[in-house]
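See below for the structure under consideration.
Below, chains carry the letters A, B, ... as their sequence lines are ordered, and counting in each starts from 1.
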Amino acid sequence: MAAKKKSDTQTDGAQNLELLHSMLLQRRFEERCAEAYALGKIGGFCHLYIGQEAVSTGTMSQLRPDDYVITTYRDHGPALARGMTPRSVMAELFGRQDGCARGKGGSMHMFDTNTNFLGGHGIVGGHVPIATGVGFAIKYRGGDQVIACFMGESVVNTGAFHEALNMAGLWKLPCVFIIENNRYGMGTSLERASAITDIYERGAAYNMPRNQCDGQDIFAVRQAVGEAVERARKEQIPTLLEVRTYRFMGHSMSDAVSGTYRPKSELEEQMKRDPITLLRNHMQEASQLTDEQLQQMDVEIKAVVQDAWDFADASPELPQEALYEDVYADTTT
Amino acid sequence: MAAKKKSDTQTDGAQNLELLHSMLLQRRFEERCAEAYALGKIGGFCHLYIGQEAVSTGTMSQLRPDDYVITTYRDHGPALARGMTPRSVMAELFGRQDGCARGKGGSMHMFDTNTNFLGGHGIVGGHVPIATGVGFAIKYRGGDQVIACFMGESVVNTGAFHEALNMAGLWKLPCVFIIENNRYGMGTSLERASAITDIYERGAAYNMPRNQCDGQDIFAVRQAVGEAVERARKEQIPTLLEVRTYRFMGHSMSDAVSGTYRPKSELEEQMKRDPITLLRNHMQEASQLTDEQLQQMDVEIKAVVQDAWDFADASPELPQEALYEDVYADTTT
Amino acid sequence: MPVITYRDALGAAIREEMQRDDRVFLMGEEVAVYQGAYKVSKGFLQEFGEMRVVDTPITELGFAGVGVGAAMVGLRPVIEFMTWNFALLALDQVVNVAAKMLYMSGGQFKMPIVFRGPNGAALQLSAQHSQAWESWLAHIPGLKVIAPGTPYDAKGLLKSAIRDDNPVCVLEGEMLYNTKGEVPDEEYLIPIGKADLKREGEHCSIITHGKMVLVALQAADQLAKEGINIDVVDLRTVRPMDVEAISTSVKKTNRAVVLEEGWEFCGVGAQVVDHIQRDCFDYLDAPVLRVHQADTPMPYAKSLEKAAKPDLPKAIAAVRKVMYLD
Amino acid sequence: MPVITYRDALGAAIREEMQRDDRVFLMGEEVAVYQGAYKVSKGFLQEFGEMRVVDTPITELGFAGVGVGAAMVGLRPVIEFMTWNFALLALDQVVNVAAKMLYMSGGQFKMPIVFRGPNGAALQLSAQHSQAWESWLAHIPGLKVIAPGTPYDAKGLLKSAIRDDNPVCVLEGEMLYNTKGEVPDEEYLIPIGKADLKREGEHCSIITHGKMVLVALQAADQLAKEGINIDVVDLRTVRPMDVEAISTSVKKTNRAVVLEEGWEFCGVGAQVVDHIQRDCFDYLDAPVLRVHQADTPMPYAKSLEKAAKPDLPKAIAAVRKVMYLD
Ligand SMILES: Cc1ncc(C[n+]2csc(CCOP(=O)(O)OP(=O)(O)O)c2C)c(N)n1
Ligand SMILES: Cc1ncc(C[n+]2csc(CCOP(=O)(O)OP(=O)(O)O)c2C)c(N)n1
Ligand SMILES: [Mg+2]
Ligand SMILES: [Mg+2]
């Protein structure tokens with residue numbers, strides 16, 4: 001684990017326990033998602049976040065409740081890290097009435113007005129201009145919020161990304177663009193998709209501050225995101241941040257964990273840097289965590305996830321008429 | 001005029017006369033286009049190239065007949081510089097049977113298989129991926145041709161440009177991307193549209209050799225394009241070249257030459273660096289051109305343009321059934 | 001009543017709504033400094049400033065998405081496309097996001113956004129600049145699509161569109177901007193989804209919208225001279241479509257011609273015909289005929305362009321045919 | 001005759017054409033190393049190498065344009081979209097360039113390119129991943145649009161598409177890839193633009209294409225048990241449409257149901273109805289009915305998705321209704 005930096009002194013003890021709790025919750029939650037998918041309780045595309053939890057938790061820990069978050073279809077982790085309830089997320093995955101999106105969005109489309117969680121988007125690159133638009137709205141209203149926009153590394157090749165970053169840079173909008181570089185876009189490695197591999201450098205084309213950090217080390221993520229958030233909030237300067245992480249599962253439930261496009265050995269090598277293990281070890285060395293505490297936390301979290309499962313299972317199916325609801329809003333203005 | 005560089009020694013005498021002839025032909029041709037437009041012989045959108053002739057002529061003078069050229073709707077100049085006949089271009093502008101595109105394309109859509117002139121495209125940014133595709137085809141066939149792709153500076157903000165350059169850089173394709181930076185996209189200045197103004201730097205995002213040059217100095221254009229063409233032909237490495245030029249007329253025939261978005265003073269200042277005058281002066285100082293020669297060249301060119309006008313005027317209107325022709329090709333394969 | 005142009009009617013609608021609600025802003029290419037590519041937003045920059053009248057780079061996909069993001073968090077963007085032809089690049093944001101946001105989010109995120117600009121052919125702009133998109137847009141649940149044909153309808157409908165909490169696509173026309181009509185000084189709104197019977201007649205119905213409304217009215221005038229009286233049903237809104245108005249008219253006249261600017265195949269006219277043959281099956285004295293653009297890309301040559309476009313002679317010929325007059 | 005999957009039929013078609021003509025290449029996301037997102041191109045990289053089986057970055061607009069450029073100078077690209085939903089981003093190249101190139105260039109530049117991929121809904125992929133685009137594509141002159149419903153038709157039509165000198169959009173289906181059918185070993189081509197009468201019956205016509213062909217055949221089987229015999233007209237090609245085949249069938253049965261996967265408004269079904277009511281006006285004993293997806297974005301919840309999709313019970317109900325049986 002990176003030797004703790006000055007800026008991390010505040011992340012000791014209690015706070016580290018929170019970070020660990022957040023990451024472990026995402027992990028245990030998604031382990032059960034895989035189970036529910038196998039049982040047919042979850043359908044469609046289901047992209048697990050396992051291995052990348054330090055990025056979501058590290059980022060959210062630097063945001064205010066009134067800030068905004070937007071991400072891709074790989075959204076269970078960010079949704080939970082942002083504070084959406086396991087119940088509402090699991091019920092959404094089960095396609096039930098009590099899901100955060102009434103069971104209409106599913107795995108790829110988590111939305112929540114309470115936590116300013118703006119989705120859950122299925123078109124690669126499509127949500128980046130939306131993030132720029134939220135940044136525009138914040139500036140328009142003279143607010144001091146920021147928007148954190150997560151994206152996979154493949155997104156930096158899409159036209160939408162470039163059009164969006166140019167406007168964010170040109171208009172100086174409070175956006176933090178966070179690339180979760182897990183090295184693969186489905187079965188295509190970064191080297192085979194992008195003419196450069198230090199992709200944070202693409203920020204230069206938009207005169208945008210840019211940075212790269214280790215995404216398995218939550219303190220490194222907190223450090224880099226913290227700087228970017230402060231720059232956005234205080235000076236309304238956007239940042240392009242490349243976070244180097246790794247996906248421990250297949251691209252989606254239908255994709256083998258390794259084989260065609262990445263060797264088992266690479267996966268095993270990467271799993272040695274499990275972000276949860278790294279934080280746990282750090283805390284134990286710093287004697288911020290006893291085995292009993294960890295034990296207990298895990299038990300509690302598993303109970304919370306089980307509760308979410310039971311809740312989702314018990315949540316009613318949508319009535320047929322719901323098919324025709326939410327197509328158009330009744331205009332009140 | 002820039003002190004002649006070593007690489008220009010071959011551009012003396014005879015060759016300079018050719019360059020001058022090409023530029024003057026474009027100028028005189030388009031002066032008559034403005035006249036024809038006023039008379040209603042040309043309709044629709046008509047974007048004149050006047051002021052940018054050194055870019056087209058300088059570039060074409062470095063290409064082989066079997067190379068490819070593609071550009072935007074501002075295509076009369078490049079079409080003539082590439083060697084398309086004034087008759088076929090004028091007849092196209094008049095919308096007649098003998099036009100290069102049978103009168104179906106018009107001002108924005110000049111096409112010619114004889115000179116590998118691939119258009120004439122109306123959607124800003126839309127032709128850049130096409131250029132990458134031509135580069136791909138050249139490599140696919142193992143040829144040593146190159147494609148020169150002209151574009152306005154606004155294009156560097158479009159998603160199409162970035163998607164295309166990434167693939168050209170990633171796959172190492174023989175493309176020369178030439179930005180004709182005339183400072184304005186319609187009424188929007190570069191500074192108001194792009195987060196950076198040294199836009200050739202966007203090549204860095206694609207690991208692409210890049211360069212910037214004076215677009216009013218034809219020798220500077222020849223120098224920069226020559227290097228890029230050689231790199232593409234010999235090593236199949238693409239280049240992003242920013243050529244700084246200026247549009248002496250309005251964006252299109254319906255746009256005032258100056259006023260809303262650029263002051264008259266700026267225009268007048270820029271017109272002092274007319275690319276044709278600069279070359280003429282250079283040649284006269286180098287005593288490569290007498291007043292008589294210039295006189296005679298101008299008379300000849302005006303006659304050629306008049307001939308094109310007469311030819312276009314005499315060319316038959318398309319028969320009504322032509323409306324339904326060229327929608328689908330009969331498949332022979 | 002004051003007579004103003006279609007252009008000024010649109011401008012007045014946006015200006016009034018921006019004055020009324022400071023969440024409303026205008027964004028697009030050349031809307032500010034240049035005063036609008038077609039001058040709809042003349043004077044806006046000076047009146048509202050650059051935060052509310054925003055020139056964008058040439059990035060249709062990008063600024064459409066910026067509008068969507070701003071709408072998600074409570075602003076009410078009016079996004080101008082220089083023409084709908086260029087909006088092809090932005091359709092992912094319009095169709096995959098704006099049209100589906102309320103649904104995907106289970107009713108949480110409204111999408112109060114307007115996408116507007118000129119639609120269809122002007123004069124000799126050739127293939128890439130002369131397309132009418134209403135049938136594409138109207139295919140998509142979640143979108144509303146309006147196509148006003150007169151200054152009065154343009155102002156009233158655009159104001160309603162800006163106040164609507166759903167994405168509304170507004171199809172204007174370069175050839176309409178200079179047309180004039182009566183527009184009252186007092187504020188008024190025209191409800192989205194209501195057709196307008198612009199002429200009454202008992203012999204045949206012409207069902208149309210947008211630019212073709214003027215052609216339909218001319219046809220009605222000419223045919224009236226021959227004693228043929230036309231019901232001109234101006235849909236005004238393409239989606240949701242006022243099917244009652246269509247049925248009422250056709251059940252009265254027993255004959256119908258559907259006139260539209262765009263292409264035939266899967267066009268708005270096909271949908272209108274589908275409704276008529278189902279709802280008015282026993283009332284029809286003749287098959288419903290359609291008038292539309294020729295099934296080709298738009299040519300540049302003036303004479304061919306004229307041949308490609310639907311126009312007065314074609315509309316009249318269709319009415320005479322549906323009435324078995326020749 | 002050998003029985004193979006729709007997936008393998010498509011793969012065989014592309015492989016045979018690549019073996020036959022080295023100007024043909026396959027490009028798209030995950031077509032090479034990953035062996036195809038849906039494994040249509042399994043083994044291609046190994047057989048043809050990386051110059052002819054090309055993995056692209058996730059840039060639909062960009063690689064569609066690369067295909068267009070390659071086609072302009074004589075190659076014959078087969079561009080795979082992982083699904084047509086993502087092709088929305090590429091439509092500017094498909095519609096503004098590929099469909100218009102021959103016309104804009106006055107007949108000089110042919111566009112021998114194929115755009116293919118799965119179309120319509122699979123299972124619980126929700127709003128952004130469950131759309132059927134045939135009515136949009138078929139709206140555009142210059143494009144050809146095919147939607148094969150069986151392995152036999154898929155192979156024969158795709159081979160014709162690859163040999164066609166015009167842009168051809170091929171609409172496949174995730175739910176079709178695993179379906180099986182007889183496909184001869186000998187080479188054969190199926191002409192674009194010809195419908196196929198897949199069942200013969202005198203009581204009612206079902207006109208359909210693509211994924212819904214299987215549903216229509218099931219409906220015909222079930223109804224046959226009740227003594228109701230259906231003419232199943234499989235259009236196979238949506239544009240150009242085989243209107244003769246439609247008229248022949250409807251003039252025989254005097255009743256028709258149009259069954260399609262996509263949305264109703266301005267759908268392919270509307271165009272079919274428009275043709276029928278004009279060409280078969282005096283033959284119809286009842287209004288033509290349509291079966292299609294519900295007019296909403298596609299929901300994720302299993303039960304709602306089922307309710308949204310056209311299916312066997314809905315098809316049968318429509319036939320019974322058009323026959324005034326209930
Ligand atoms: C425009 C578009 N093209 C293709 C897809 C199919 N697709 C879904 S995810 C994905 C890979 C994205 O990789 P990356 O951006 O690195 O994110 P990751 O999955 O690694 O988190 C692809 C190709 C899509 N959803 N959208
Ligand atoms: C996608 C798209 N958006 C808008 C337009 C309208 N338009 C035509 S030219 C132009 C300005 C382009 O400027 P630039 O790229 O600098 O080229 P220049 O005209 O200066 O040669 C615009 C906005 C278009 N043709 N395509
Ligand atoms: Mg990735
Ligand atoms: Mg320019």
Flag, side chain of D/N166 to backbone of B/A329, donor-acceptor distance under 3.5 Å: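 Yes.
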Donor-acceptor pair, side chain of B/E163 and main chain of D/F63, under 3.5 angstrom: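 Not confirmed, B/E163 side chain does not pair with D/F63 backbone.
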Side chain, backbone, both or neither: which part of [X] has a non-hydrogen atom closer than 4.5 Å to chain D?
X      : result
B/H162 : neither
B/A322 : backbone
B/Y68  : side chain
B/N166 : side chain
B/I147 : neither
B/L165 : neither
B/L118 : both

Under 3.5 Å side-chain donor-acceptor pair for D/R23 and B/Y140: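 Result is no, nothing qualifies.
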Over 12 non-hydrogen atoms of neighbours within 6.0 angstrom of CD in D/E50: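 Check fails, neighbour count at 12 or below.
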Residue B/K139 excluded, over 12 heavy atoms near NZ under 6.0 Å: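 Enclosed.
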If we only count heavy atoms from C-beta on, is the [X] to [Y] side-chain gap below 4.5 Å?
X      : Y      : value
B/R141 : D/M51  : no
D/T56  : B/W171 : yes
B/H109 : D/S105 : no
D/Y103 : B/E325 : no

Smallest separation among heavy atoms of D/A70 and B/A137, with atom names: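 Distance-wise, the nearest heavy atoms are CA-CB, 4.1 Å.
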Heavy-atom pair of closest approach, residues B/M167 and D/T59: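 Result for this residue pair: CE-OG1, 3.6 Å.
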Measuring from atom [atom1] of [X] to atom [atom2] of [Y], what distance do you get when rounded to the nearest 0.5 angstrom?
X      : Y      : atom1 : atom2 : value
D/I192 : B/Y328 : CD1   : OH    : 10.5 Å
D/M104 : B/M108 : CE    : CE    : 9.5 Å
D/L102 : B/D326 : CG    : CG    : 5.0 Å

Candidates D/V68, D/V66, D/V73 - the one meeting side chain to side chain contact (heavy atoms under 4.5 Å, CB included) with B/I130: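 The option that passes is D/V68.
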Residue among B/C100, B/G120, B/G119 with most heavy-atom pairs under 4.5 Å to chain D: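 Between B/C100, B/G120, B/G119, the count favours B/C100.
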Option in B/L173, B/I70, B/V327 with maximal non-hydrogen atom pairs under 4.5 Å from chain D: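 Looking at each of B/L173, B/I70, B/V327 in turn, B/V327 comes out on top.
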Options D/V97, D/D92, D/L89, ranked by heavy-atom pairs under 4.5 Å with chain B, top entry: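 Maximum pair count with chain B is reached by D/D92.
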Top of D/E60, D/M111, D/R239 for chain B proximity - count of heavy-atom pairs under 4.5 angstrom: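 Maximum pair count with chain B is reached by D/R239.
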Toward chain B, the part of D/Q93 with a non-hydrogen atom under 4.5 Å: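 Looking at D/Q93, just its side chain touches chain B.
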